[in-house]
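Presented below is the structure to which this report refers.
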Amino acid sequence: MEYNFREIEQRWQSYWQQENTFRAENQSEKPKYYVLDMFPYPSGAGLHVGHPLGYIASDIYSRYKWLKGFNVLHPMGFDAFGLPAEQYAIQTGQHPALTTEENIAQYRRQLIRLGLAYDWDREVRTSDPKYYRWTQWAFLKMFDAWYDRALDKARSITELIAHFEQYGNGNLDAACNEGVEPFTAEAWRGMDETRQQLILMNYRLAYLSDTMVNWCPALGTVLANDEVKDGLSERGGHPVIRKSMKQWLLRISAYAPRLLNSLDHLDWSDSAKEIQRNWIGRSEGAVMTFEVKEPALTFDVFTTRPDTIFGCTFMVLAPESPLVKQLTTSDRQQEVEAYVTEAINRTDRERMAEVKKITGVFTGSYAVHPFTGEPIPIWVADYVLAGYGTGAIMAVPAHDSRDYAFAKHFNIPIKQVIEGDISEGAFDSKEALVINSDFITGLPVPEAIRVMNQRLEELGKGYGKVNYRLRDAIFSRQRYWGEPFPIYFKEGIPYPLPEEQLPLELPEVDAYLPTEKGEPPLGRAANWQTPEGYPLELSTMPGFAGSSAYYLRYMDPHNETALVNPEVNHYWQDVDLYIGGMEHATGHLIYARFWNKFLFDLGYICKEEPFKKLINQGMIQGRSSLVYRINNTNTFVSKGLKEQYQTTPIHVDVAMVDNDHLDIDRFMAWRPEYATAEFILENGQYLCGYEIEKMSKRFYNVVNPDDLADRYGADTLRLYEMFLGPLEQHKPWDTNGIEGVYRFIRKFWKLFFGNGDQLLLSEEEPTEAELKTLHKTIKKVQEDIERFSFNTAVSSFMICVNELSDLKCNKRAILEPLTIILSPYAPHIAEELWHLMGHTTTVAKASFPEFNPEYLVENTVEYPVSFNGKTRFKITFPAGASKEEVEAGVRAHDLTEKYTAEKPIKKVIVVPGRIINVVC
RNA sequence: GCGGAUGUGGCGUAAUUGGUAGCCGCGCCAGACUUAGGAUCUGGUGCCGAGAGGCGUGGGGGUUCGAGUCCCUCCAUCCGCACCA
């Protein structure tokens, strides 16, 4: 019987759907296992072969866990809010919900076609009000919470109010905004509501604040730091400028230490953890207070090198610092103002492009050195960032390269205080001794830092401090297609909607554009207000809002009274295996961890970290095909001959190239200008060159999984995607190679049918050789899956089928277990054969066969014999031979004399079962 | 600049603890079947060499009886962060 994958794959896909084969039960005696894919944003282009790589891997793992007796949760959903659908809506007027719906239908169809074993009953869509109700709910919980640093957890705001009523804001270690004045309990009780609300806003975990944002004029919205790459928006690549705006923020910075520390216990790749560590950016140092005599004031700087204070020869303020105004003397005013205006108005991109350009101006004021009392000039320069530390630094040119460059440029003195060479540049190593520094002279740097911090504290001039680079996350977007904020304004003060009124549904608007007043699109909605007439917030939430807790919702997706029922949450706990792209390392993965810790703090969920193990699948790159046009002609020369001409390479669609041979007729029909093209062939063929680059429409190298499923079937495609190489590695796609996998799958089929039409299954006892092949494969495949080495498992299947073909094995005792272990990889063909073998229930819920080591026992060992490390010949010994027997055998062997070249044998090394090395 | 990763045939890759380098597949070569082959099957295929043999895991050095694997150093490519004090 021919292997008819079309019929087979369709049959079992509908069977799985009808039987609900992959439904996960929220109550079970079995151990749980939660496998999660990063859910996709359903774009209009559909999937290309790179997208399903991770899905196939997680699917194999899920199916393997079922065979091992686990209750597996393996859900899929859609990250359905987002910019592309809205941009499309602006262009066409089509409601983003409609576009999104169509795209999701396309994605679903493609995923189902790959035989992916999802529990579709649990599908979530972030744009569904039943889902985003819980996104809004979590936001309200954050609005209603503050961070207690003493207990290191989030607490309800009512507890903070209770504290204020009793103690004012003294005796409190809370994460809060800069510049909150101290107040007493009496003062608090005497405040009106507006004043109280304004104070509380400084403490809330979701808070409204004037802040410098990344404003993208082209998209008409602000963006989070992780949505900006190289000064351009990640979506669309539009320029981004700095601007102060009133925005909602999430106080993720309060969680920086915990986000950093608990990374250590996660089973993630080193690079993923390292990216997060960099993003969180912990640095240990000290805050130091400097005094200014004229005008009389003090200000703080943050430094990681308090030990170098005696080398400080100038100070620098960020252009945005409010101190600049106060410290600029009248004679310097014009110059400073001009500089500050220019510096602030530059976009990030301009700022980055000019990193090497040293600019700055002197304010005219001097600070007082805290130990020597000497005056230190205060400058303004854009190499100091407003957002980090205190926006002011003490510059130590001898031991900081940026300060060094600045001092050289402006001719400021350089004073050395650490032993080392500063003739060519700053010496910034911490492995050295302090010099010229009063009471810390002679100490090694780390010790000097400790002593200095202690002294600063004694004198009340500073204290040791840990700083984090992680900024609070800007949470408003001035866009339409996102979750509305459940917030209304009463006299300009934001108040939460009552929980019972959730979800606050996204209203209809007449256009997906800002209003004439420049308000966000929701400003166009009729009656966008509470029943009492209070206006509702006009911004919507960013993309990461909906993806920050979706893994929790999958546990209990239809629950209408809670994000997740506590018992259900207790059963599923957390995600055991999470597979997705590395591009989410600083965005989604950090927000989701924060969101999870917050819900954990409030007791809604039982695990502090959401994703136990993370695997980042590598990118599948495109393999572009190139033809070579001879310059200024319409003649194309085959690759092997191109060196003889001056040519320009041109990308051609990979669909008209097979095994690097160009289909000339199709090429000529591709574009009008090629209709008259001429070709210089080699051996009667036109051979294309190739290039490995991103899979993208503009390179004409996109390969669609549907086309491959049509031609080879989903099972072959699944196997080939895994066969390509290690999951985490980037690797080029080469459609040619799929033939080999297709041959393998048909060879497997032929074990059952031969060349005829009848199932030839034999009930005979298997031979030793057959059992050895089978059990070798069971062992290898199991070990490979356990360490996520899917490519080597596929290769073991090939070896197994090659061997069984040579043995002409068609025995049930061999083929049935083989079918089970192959079923996670090639589920359709396995299900078909499983049923043909007489089973009436799914192979997906069969048991993974036990490996029996007895079948692999060998009676003899073939030792390679090497001489001084070079392998020369082989000798076979009985498996039990002792070292001495083996050595004697080698010494007595005919060939030994030849390779010792008449030198005496110094030593014979025998590694039992492995190797013999003769040293001479 | 800092941090992380990766370098093995023409190509994708394998070698789980330091123990036969190149499994499996593509491609290529030869043969069989065939009117034909871009189908199928069989065999071969790291490089140099007629052969004996020699060389060979980015380069150089080291440890070891033995190194793709461990150490030092340099180079290349990719990714992340980047005036973060």
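In what follows, every chain begins at residue 1, and chains take the letters A, B, ... in the order their sequences are listed.
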Show the numbers, then the answer: is there a salt bridge (Lys or Arg N to Asp or Glu O under 4.0 Å) between A:K465 and A:E284? CA-CA 6 Å; A:K465 193 185 174 194; A:E284 256 175 67; over 6 Å; no

Taking N and O atoms by type only, does the side chain of A:N278 place a donor or acceptor under 3.5 Å from a partner on the base of B:C81? no

Side-chain N or O of A:S283 less than 4.0 angstrom from OP1 or OP2 on B:A85? yes

When all nucleic acid strands are considered with a 4.0 Å heavy-atom cut-off, which category describes A:N659: base, sugar-phosphate, or nothing? sugar-phosphate

Counting the atoms with a prime plus P, OP1 and OP2 as sugar-phosphate, which does A:R872 contact under 4.0 Å by heavy atoms, base, sugar-phosphate, or nothing? sugar-phosphate

In terms of side-chain heavy atoms of A:N802, which of B:G54, B:C24, B:A85 is nearest? B:C24

Can you tell me the distance, in whole Å, between the CD1 atom of A:I620 and the P atom of B:C11? 19 Å

Can you sort out the partners of A:D715 under salt bridge (charged side-chain N to carboxylate O under 4.0 Å, His left out), two or more places apart, ordered by chain and number? none

Identify whether any heavy atom of A:D403 sits under 4.0 Å from a base atom; if not, whether one sits that close to sugar-phosphate; answer base, sugar-phosphate or nothing. nothing

Using a 4.0 Å heavy-atom cut-off across all strands, classify A:Q729 as base, sugar-phosphate, or nothing. sugar-phosphate

Under 4.0 Å, heavy atoms only, any strand: does A:N791 hit a base, just the sugar-phosphate, or nothing? sugar-phosphate

Can you measure A:W279 atom CH2 to B:G3 atom P for me and round it to whole angstrom units? 19 Å

Residue-phosphate contact under 4.0 Å: A:R469 side-chain N/O, B:A82 OP1/OP2: yes

Can you tell me the distance, in whole Å, between the CD atom of A:E783 and the C1' atom of B:U17? 13 Å

Whole-Å gap separating P (B:A5) and CD (A:E274): 8 Å

Using a 4.0 Å heavy-atom cut-off across all strands, classify A:R746 as base, sugar-phosphate, or nothing. sugar-phosphate

Under 6.0 Å from the six-membered ring centre of A:Y3 and within 45° of its axis: does the NZ or CZ of A:R746 meet both? no

Kindly say if A:N736 contacts the phosphate of B:G25, meaning a side-chain N or O under 4.0 Å from OP1 or OP2. no

Toward the 5' end of RNA chain B, which comes first, A:S271 or A:S789, by nearest nucleotide? A:S271

With side chains defined as the heavy atoms from C-beta onward, is the minimum distance between A:N616 and A:H584 less than 4.5 Å? no

Please state how far atom CG in A:L719 lies from atom C1' in B:G12, giving the value in whole angstrom units. 16 Å

Residue A:S795, side-chain heavy atoms: nucleotide from B:C65, B:A14, B:C24 that is nearest: B:C24

For B:C26 and A:R743 - does any side-chain N or O of the residue sit under 4.0 Å from the phosphate oxygens OP1/OP2? yes

